[in-house]
Every structure is written in C-alpha cells, then in structure tokens.
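The block underneath contains the structure these notes are about, expressed in structure tokens.
Starting from 1, each residue takes its place in the sequence as its number. Counting starts at 1 for both ligands and their atoms, following the listed order.
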Amino acid sequence: MALTQRQAARDGTITEEMERVATREQCPPETVREAIADGRAVIPANHGHDALDPMIVGADFATKVNANIGNSETTSDLATEREKLHAAVHYGADTVMDLGTGADLDEIREDHIARSPVPLGTVPIYEAVKRAGDPTDLSADQLLSVVEKQAEQGVDYMTIHAGILAEHLPLTESRTTGIVSRGGSIVATWMAEHGEQNPLFTVYDEICEIFATHDVTISLGDSLRPGCLADACDEAQYAELDVLGELTRRAWDHGVQVMVEGPGHVPMDRIADNVERQQRVCDGAPFYVLGPLVTDVAPGYDHITSAIGAAIAAQEGAAMLCYVTPKEHLGLPDRADVRDGLAAYRIAAHAGDVATGRPGARDWDDALSEARYAFDWSEQFALALDPDRAREFHDQTLPGDNYTDARFCSMCGVEFCSMRIDQDARDGSDIDALTAETDLSASSAAEVNRPPVGTHDGGCELGRGVDAVHPDEVGSADD
Ligand code: SF4
C-alpha cells in the first residue's frame with residue numbers, strides 16, 4: 001500500500017510531491033519533509049488525483065487561500081460548476097472545496113478531480129444526508145460508505161465534524177446564533193434525536209484508516225465555530241477545540257495528515273488568542289480559518305469584513321484562509337463573487353506573508369511600486385493581483401493607446417499627479433512641456449478628473465442630484 005505523505009516523511013523519505021512543493025515554495029525539500037513529519041504542514045494529495053500539482057499548507061510556508069464552490073438544491077449544474085472551478089483556479093485559489101448539495105454530486109466531483117490542478121476538498125456529511133433523506137436517518141455505515149467512495153474518487157481532503165460531542169450541546173443554548181456550521185447542525189440534530197454520541201466521533205478510527213489508504217488529509221471541522229461576535233471565544237467553541245486536539249493526535253497515529261478548521265466571527269482583538277490557542281492545543285497542526293469576520297454589520301460586504309480578520313490570522317500563524325464572498329449569509333456565489341472573494345483573500349494572505357517577513361513576499365510589492373513610479377502601466381497591470389481588473393479600471397477613463405505610457409492617470413489628472421510632480425522636481429522638468437505632449441482631448445476623463453473635481457469650471461455643480469451625475473464621473477477622485 002502506498003504511504004501517506006506523513007508516513008513517508010516520518011520514514012525519512014522525500015517524495016515527488018515534497019520535491020515539487022519545495023520548488024514552488026523556494027525552500028529545501030528537507031524543510032518540507034520535516035514540516036510534514038512534525039505535522040506542522042500537509043500536502044493534500046490523494047493517490048488517485050492524477051491532475052494535481054501538489055501544494056503545501058503550513059504556517060512555515062506561503063499562506064494559502066481556499067475557494068468554496070458547489071451547487072445547491074435550487075441552483076447550478078455541471079457546466080456552471082465547471083465554470084466556477086475554472087474561475088476559482090484562474091483567480092488564484094490554492095485549493096477548492098466542493099460544498100455541493102444539489103443534483104449530480106458524483107458526476108460533478110469526478111469532473112472536478114479529472115480537471116483540477118489544485119487539491120479538492122469536500123464535506124462528506126452533506127452527501128450522506130442527501131442519501132439518507134433526513135439528518136436524523138443518517139447512520140454511521142452510511143457516513144463511512146460516502147467517505148470511502150469520495151476517497152476512492154480522488155478527493156484530497158475532507159471536512160469531518162467529529163469534534164462536536166453530545167456534552168457540548170448544552171453549551172450552545174445561550175448562544176445568540178446557536179450552531180452555524182452546516183455539518184455541525186446536522187450532527188447536533190442527530191445526537192439530540194438519538195440520544196447518542198456523534199457518529200463521526202464513534203467511527204473516527206475507521207475514517208482514519210480509509211484516509212490513510214488513499215492519503216486523504218483530514219480537515220477537522222469546527223462545528224461550534226461562533227456565528228456572531230456575541231458567541232466568539234465561548235465555552236462551546238473552546239470545548240470542541242480541545243477535542244480537535246485529541247483527534248489530531250489520533251489521526252497522526254494512523255499516519256493521516258491533519259488540518260484544523262477555525263472560526264467564524266471573532267473581533268479583531270481576539271484573533272491572535274484564537275490562533276495561539278489552536279496551535280497550542282493541536283500541537284502545531286495547520287490552522288485553516290474561515291475569515292474570521294470581524295464585525296456582523298455588513299451583509300453584502302462580508303468578503304471585506306472577513307478578509308480583515310483573515311489578514312490578522314495570517315499574520316498570527318494561520319496557514320490557510322477559506323474565502324468568504326460578498327454573497328455570504330445572502331445567497332449562492334456566482335462567478336463574479338468567486339472573483340471578488342478570491343481577490344480579497346489573496347490580499348489578506350499576501351499581507352500576512354509580508355507582515356511575517358516570508359522570504360520573497362515583499363519582492364512583489366516592491367516590483368509593482370517601481371513600475372508604478374516609472375509609469376510603466378503595462379508592467380503595473382501585469383504585476384497586479386488581478387491584472388484584468390486593474391487594466392479595466394484604468395481604461396474606463398483613459399482608454400487610448402496614447403495613455404499606455406502617460407505620466408498620470410485620471411485619479412488626480414496631469415496637473416496634480418503627485419508622482420509626476422515629484423519626478424519633475426527631481427529632474428527639473430516643467431509642467432508646460434508635459435502638458436503640451438499629452439493629448440488630453442482624447443478622453444472625457446481629462447475634463448471630469450481635473451481636481452479638485454466639483455469646484456473647477458465646468459465640473460460638478462453643488463446640489464446636483466445623484467441621478468444627474470454622468471456615468472463617466474462615477475468612481476472619480478471626488479468619491
Ligand atoms: S494621477 Fe495620482 S493616482 Fe494617478 S498615477 Fe499620478 S499620483 Fe498616482
């Protein structure tokens with residue numbers, strides 16, 4: 001039987017996957033092997049996922065970003081899910097979780113595994129519930145059957161909600177938003193109905209044996225993650241975390257790689273505590289966090305509320321960030337939401353890497369800044385986290401070829417471009433010469449963006465209603 005990455009690492013073997021990861025992370029293969037052997041990192045790489053380009057999740061390596069996709073009972077099909085997978089990989093997801101609960105789950109999953117160069121994760125209890133028809137009709141055998149089938153299909157990691165126990169349920173009664181994890185609420189309902197322990201906990205060793213056979217990485221689900229600031233860091237959350245620490249060590253004993261999932265909704269001042277606690281309780285197993293959202297008041301903008309928390313978590317040692325899209329709490333994300341969520345989280349991950357001084361992380365920022373100061377727009381777009389978005393926004397107001405090397409953009413305009421002014425002060429150029437060589441008449445932006453917008457001749461009139469604002473002016477420097 002093929003070894004898991006953990007088993008190989010503990011035997012002192014550097015696998016092909018470790019070699020590849022070392023190349024991607026620009027570190028010695030031995031550094032990768034040691035991190036895997038110690039449990040401080042995982043390489044989610046099912047033996048059956050042939051299309052995979054291996055990657056690593058661990059606090060000692062670049063912070064990674066996961067994108068959730070998947071259909072629901074009401075929305076989406078194979079073509080749409082394929083498109084979402086493509087968008088997720090295109091916009092920079094390091095892993096993708098298929099959280100589908102709708103039709104054709106096997107067909108979609110197998111299609112994803114055949115195509116995806118990034119690890120694919122699932123939450124098998126969702127499919128088990130679909131098979132059972134009702135959460136209370138679930139059985140341990142059904143759960144094991146679904147886990148085994150998905151492992152055979154080539155799933156690289158699975159969220160297993162084994163840490164929520166029957167004795168935890170009373171701890172949630174005073175919560176503002178109760179149990180917000182989908183898997184957690186299913187397991188809690190089952191335990192309350194049957195008066196028995198969590199079946200995923202009961203058959204945990206059998207799950208580990210299946211995972212060891214296929215080298216599926218276990219992602220220990222945080223069923224009791226807080227769903228609002230009022231419930232953050234409460235007794236229920238930390239009681240489950242203690243169990244997740246025990247389950248981490250049990251999985252390691254089976255040779256299984258482990259990640260641990262984390263909150264949720266946490267105020268900014270408690271995020272460092274959460275990361276430190278997880279690392280201590282789970283012996284350094286990679287922390288895979290959802291956000292956390294740092295405020296509850298911005299539905300429609302929760303990619304931002306959560307990316308703030310994710311950046312702090314990354315700085316404090318979280319290894320992978322599960323993105324949140326603008327549709328969080330509101331609806332199923334579409335392609336545009338995937339793009340916006342991934343941009344927010346890649347920013348958070350990179351900001352964390354810069355803050356922790358990860359070798360090479362700042363080089364990206366410095367290269368873009370140099371291109372920006374040189375007015376090398378092409379290079380600036382190429383280096384941008386989302387090149388298409390950067391070019392699109394620039395060209396909305398300065399679309400012509402004659403602006404590709406312009407020493408200004410429409411935000412401040414030619415006369416007030418601080419970088420141009422600074423450069424001219426350095427080299428003695430004068431504004432009249434610059435203005436003469438620049439064809440402002442080619443763009444309406446030249447009119448609307450001559451600052452201060454709203455005060456110059458022909459600009460916005462005070463008291464004018466929103467409806468009267470020309471579309472070209474939206475997003476200009478007076479916003
Ligand atoms: S016009 Fe303003 S925003 Fe645009 S390049 Fe110059 S300084 Fe930067």
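For Arg335, the side-chain contact (heavy atoms from CB on, under 4.5 Å) partners two or more places apart in sequence, or in a different chain, are Glu83, His86, Ala87, Tyr91. Not counting sequence neighbours, the partners of Ala239 by the side-chain contact (heavy atoms from CB on, under 4.5 Å) test are His168, Leu171. Partners of Leu290 under the side-chain contact (heavy atoms from CB on, under 4.5 Å) rule, at least two apart in sequence or in another chain, are Arg225, Cys322, Val324.
Here is the list of ligand 1 atoms found below 4.0 Å of a heavy atom in Phe375: 5 (S).
Taking a cut-off of 2.8 Å, the protein N, O or S atoms nearer than that to atom 2 (Fe) of ligand 1 are Cys412 SG.
Between His329 and His265, the ring planes lie tilted relative to each other; the angle falls in the 30° to 60° range.
Between Thr325 atom OG1 and Asn68 atom CG the span is 9.0 Å, to the nearest 0.5 Å.
No side-chain donor-acceptor contact under 3.5 Å links Asn46 and Tyr157.
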